[in-house]
Number of protein chains: 2
Amino acid sequence: MLQRKPAEDRKADIVEALLRLADQIGPDRLTTNDIAREVGVTQAAIFRHFPTKAELWSAVGEVIAARLAEAWQQALAANTTPKDRLRALIAAQLRQIEAIPALPAILHSRELNVDNANLRQRFRGILLQYQAHLVANLEGMIADGSITPDVRPQDAAILLTSLVQGIAIRWSLGSRGFALQPEGLRLLDVQLALFAYGER
Amino acid sequence: MLQRKPAEDRKADIVEALLRLADQIGPDRLTTNDIAREVGVTQAAIFRHFPTKAELWSAVGEVIAARLAEAWQQALAANTTPKDRLRALIAAQLRQIEAIPALPAILHSRELNVDNANLRQRFRGILLQYQAHLVANLEGMIADGSITPDVRPQDAAILLTSLVQGIAIRWSLGSRGFALQPEGLRLLDVQLALFAYGER
DNA sequence: TATGTTAGTGAGTAATTACTCACAAGAGGT
DNA sequence: ACCTCTTGTGAGTAATTACTCACTAACATA
């Protein structure tokens with residue numbers, strides 16, 4: 001028998017293993033057997049910590065939600081102007097996708113989209129929250145005159161989240177052949193320059 | 001025994017059933033049994049028409065590729081100005097996603113991304129072709145002065161494909177609670193107005 | 001060092017998976 | 001009405017799935 005660990009540590013190991021394998025094998029194809037082998041325990045051990053696979057996925061959702069929320073908080077806390085905060089929010093999101101490359105695949109997984117309503121609601125909430133942060137800072141940018149008031153902040157926020165998602169998809173479909181964060185920030189600047197046209 | 005059909009008709013039925021189920025059940029988890037039940041034949045009948053599941057997926061890839069290519073051709077043929085053609089290309093893509101709602105999921109399925117290199121190559125080519133169409137018409141718009149030359153057409157094309165993908169994700173995560181095409185075209189107009197700022 | 005608690009195991013389960021094969025029967029041409 | 005080609009079936013297969021359960025051994029604390 002291998003080294004025993006406190007339940008909380010082992011649970012964290014299992015969630016990490018799932019995130020790694022979701023990237024390699026795909027979220028809908030990874031099995032409890034794969035996870036157990038990756039962690040280094042037997043399959044039965046997985047079910048000691050998570051009664052069902054669905055609850056394991058919910059735990060994964062919680063971990064991701066917590067990490068994203070913290071990244072956003074840091075981005076907001078470290079900057080003062082709306083423009084800097086917006087850039088930091090986008091940068092944080094790109095960095096999180098690099099850190100959890102399975103994220104886009106999980107967004108399209110059947111586990112999330114079909115089987116696990118709990119998980120789906122969680123992610124929907126996460127995306128709405130992010131959108132709200134973007135809108136708030138875009139409103140700030142309109143107020144301080146750094147972008148045009150001709151574009152509604154809600155629409156601008158959709159364009160920006162789409163940008164992040166689109167780049168992330170290109171990144172993973174293209175075998176991650178470019179650096180996500182620099183490329184994303186470059187295109188963000190292109191879009192921000194467009195938003196600013198009223199001020200030129 | 002139910003009604004017999006010529007092989008070509010039955011193959012088409014099977015592909016249609018797969019597309020319907022890929023949306024409901026998810027591309028990576030739908031089984032030959034599910035497909036057989038949906039078509040109304042036994043599981044063995046599926047394997048009479050397609051020797052393996054992978055070859056069935058390849059047939060699906062061909063069907064999708066043909067439909068997309070035709071939609072683009074019609075979009076290009078029915079319009080003359082670069083701006084109209086660009087709008088028609090985006091509209092066609094949104095319409096295809098509505099008609100084949102499994103499309104985004106298939107694009108990110110493991111069947112395509114990991115298991116089936118044949119299918120993957122087919123889709124990669126299709127997407128590159130779409131991007132090329134967008135770039136060509138964006139260049140046309142720069143040439144005829146309907147958008148600013150400050151944005152590189154390649155970057156603008158990425159922003160537009162990201163827009164389509166981002167909206168499609170919002171659409172499916174939000175249980176398709178809004179009409180995809182109108183919302184997409186509305187945001188396209190917002191983006192196009194930004195691209196045009198140099199001309200105001 | 002003795003004891004109660006908890007992480008982990010080994011060996012199962014029934015259900016489901018993609019796929020096979022010998023055979024049956026509808027349909028079209030003659 | 002016959003023959004033949006082709007579509008479809010019934011009954012299998014071995015492998016894999018999520019999940020269970022009786023049991024064992026490591027750890028904390030006293």
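The chains referred to below are lettered A, B, ... by the order of the sequence lines, with proteins before strands, and numbering in each begins at 1.
- In Lys83(B), the NZ atom is not crowded: 12 or fewer heavy atoms of neighbouring residues, nucleotides or ligands sit closer than 6.0 Å.
- Side-chain N/O atoms of Thr32(A) include one lying less than 4.0 angstrom from OP1 or OP2 on dA18(D).
- Look at Arg4(B) and you won't find any side-chain N or O under 4.0 angstrom from OP1 or OP2 of dA25(C).
- The environment of CD in Glu70(B) is sparse: at most 12 heavy-atom neighbours from other residues, nucleotides or ligands sit within 6.0 Å.
- Taking for each of Ala7(A) and Gln43(B) the nucleotide of DNA chain C with the nearest heavy atom, the 5'-most of the two is the partner of Ala7(A).
- When the C1' atom of dG12(C) is taken as reference, atom CZ of Phe47(A) falls 14 Å away, rounded to whole Å.
- Here the P atom of nucleotide dG28(C) and the CD atom of Gln3(B) are 10 Å apart, to the nearest Å.
- Remark on DNA chain D: of its neighbouring residues Glu8(B) and Ala44(B), the 5'-side contact belongs to Glu8(B), judged by nearest-heavy-atom nucleotide.
- One finds a side-chain N or O of His49(A) lying less than 4.0 angstrom from the OP1 or OP2 phosphate oxygen of dG8(C).
- The nearest whole Å value for the distance from the CG atom in Asp28(A) to the P atom in dT17(D) is 14 Å.
- The residue Leu30(B) sits close only to the backbone: its heavy atoms come under 4.0 Å of sugar-phosphate atoms, none of a base.
- Summarising the local packing, CD of Gln24(B) is surrounded by more than 12 heavy atoms from other residues, nucleotides or ligands at distances under 6.0 Å.
- One atom, CZ of Phe50(A), and another, C1' of dA7(C), lie 14 Å apart when rounded to the nearest Å.
- Taking atom CG on Asp13(A) and atom C1' on dA7(C), their separation rounds to 13 Å, with Å as the unit.
- Rounded to a whole Å, the CZ atom of Arg29(B) is 19 Å from the P atom of dA15(C).
- Which of dA7(C), dA18(D), dG12(D) sits closest to the side chain of Lys53(A) comes down to dA18(D).
- Side-chain contact between Thr81(B) and Leu86(B) is absent, with no heavy-atom pair separated by less than 4.5 Å.
- Atom CD1 of Ile46(A) and atom P of dG10(C) are 14 Å apart (whole Å).
- Whole-Å rounding puts the Asp34(B) CG to dA15(C) P distance at 17 Å.
- Side-chain contact annotation: Trp72(B) with Gln93(B), donor-acceptor N/O pair under 3.5 Å present.
- Taking only distance into account, the side chain of Arg48(B) never meets the base of dT6(D) through a donor-acceptor pair shorter than 3.5 Å.
- A sub-4.0 Å separation between OP1 or OP2 of dT16(C) and a side-chain N or O of Thr31(B) is absent.
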